[in-house]
Amino acid sequence: MPVEFYYFNMSPPARAAWVVLEELGIKYEKKMINILAGEQKQDWYKDINPRQMVPALKDGDFCVAESRAVAAYAVSQYGAQQGKQSLYPTDPKKRATVDQHLYISENTVEKVVSYVNMPGVLFRGEDLKEENLCKAKDAVQAIEDTLAKTTFTAGQDFTIADIFYYMAIAFLDLVDFDFTEFKKVAEWRAKIAAKPWHQEVWADNQAKLKEFYASKRGSAGEKK
Ligand SMILES: N[C@@H](CCC(=O)N[C@@H](CS)C(=O)NCC(=O)O)C(=O)O
């Protein structure tokens, strides 16, 4: 039975986990859960993810949710057979460094999302929060500082930490944030954007999210 991957194409964490499956090159079956239509609230989906969110993965009778846990599981289970173990290394110290950055990437998302104001824009038609621009810049600067020391964020190899940082700061593309002052980050993003899965899995769906975000941004003000 192939791995089943539950996702929504516009969801950044779902796309980050999806990218890991592509990078691994394993066979999997995509199961789209349209969260805009509330499909994640269906009772049967509770068995896949009790929190009723995307992404989630089912491998036989084992289920795992939370994008970073999905990514870590997929590489732990299939990385060696696919020659892709370096995405989530088994060496305890190397793995701890990747884990460290995976946890930090949660905070990167928080900072960036506080500026882009995802829930406010998408669900209440607000604008971005200019007052949080410094938080977003701090988050990007932290990645810039990391990349001043190593080729990728957790060392010399491309790992799942890179994918989750990439996802986190890609929220800034929704507002055409200018990355030019962050030279290392811009170079590192270009390397990731050259990956074979990037256009179909990441960019095409990010364009849809960008269009959706733009259609909602400031719409509450327009109605007044
Ligand atoms: N921390 C979670 C966040 C997942 C998440 O926020 N998923 C959103 C889509 S981006 C979702 O499923 N929302 C549906 C809902 O909240 O009902 C992860 O990394 O997987």
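Remember, it's a predicted structure, so these values are computed and weren't measured experimentally. All ligand and atom numbering here is 1-based and tracks the order in the structure.
- Ranking protein heavy atoms by distance to atom 16 (O) of ligand 1, first place goes to M53 CE, 3.6 Å.
- Residue-ligand proximity: R68 is placed with a non-hydrogen atom under 4.0 Å from ligand 1.
- Although no hydrogens or angles enter the test, the distance criterion places no donor-acceptor pair under 3.5 Å between the side chain of R189 and the main chain of Y166.
- Residue-ligand proximity, S11 to ligand 1, at heavy-atom distances under 4.0 Å covers atoms 9 (C), 10 (S).
- For the pair K195 and F158, the cation sits on the ring face: its NZ or CZ lies under 6.0 Å from the ring centre, inside 45° of the axis.
- For S67 and R15, the side-chain atoms include no donor-acceptor pair closer than 3.5 Å.
- Heavy-atom distances between M10 and ligand 1 stay at or above 4.0 Å for every pair.
- The distance from the CD1 atom of I160 to the CZ atom of R95 is 8.0 Å, given to the nearest 0.5 Å.
- Heavy-atom proximity to P55, at under 4.0 Å, picks out these atoms of ligand 1: 20 (O).
- The residues D138 and K111 are annotated as not salt-bridged, no charged nitrogen and carboxylate oxygen being separated by less than 4.0 angstrom.
- Nearest non-hydrogen protein atom to atom 3 (C) of ligand 1 is P13 CG, 4.3 Å.
- I35 CD1, 4.0 Å is the protein heavy atom nearest to atom 13 (N) of ligand 1.
- At a 4.0 Å heavy-atom cut-off, ligand 1 touches S67 through backbone and side chain alike.
- Note on D176 versus K210: salt bridge recorded, some NZ/NE/NH1/NH2 to OD/OE distance being below 4.0 Å.
- Taking every heavy atom of Q40 and a limit of under 4.0 angstrom, the matching atoms of ligand 1 come to 14 (C), 15 (C), 17 (O).
- Taking atom 4 (C) of ligand 1 as the reference point, the nearest protein heavy-atom neighbour is V54 O, 3.3 Å.
- Salt bridge E66/R68: absent, no basic N to carboxylate O contact under 4.0 Å.
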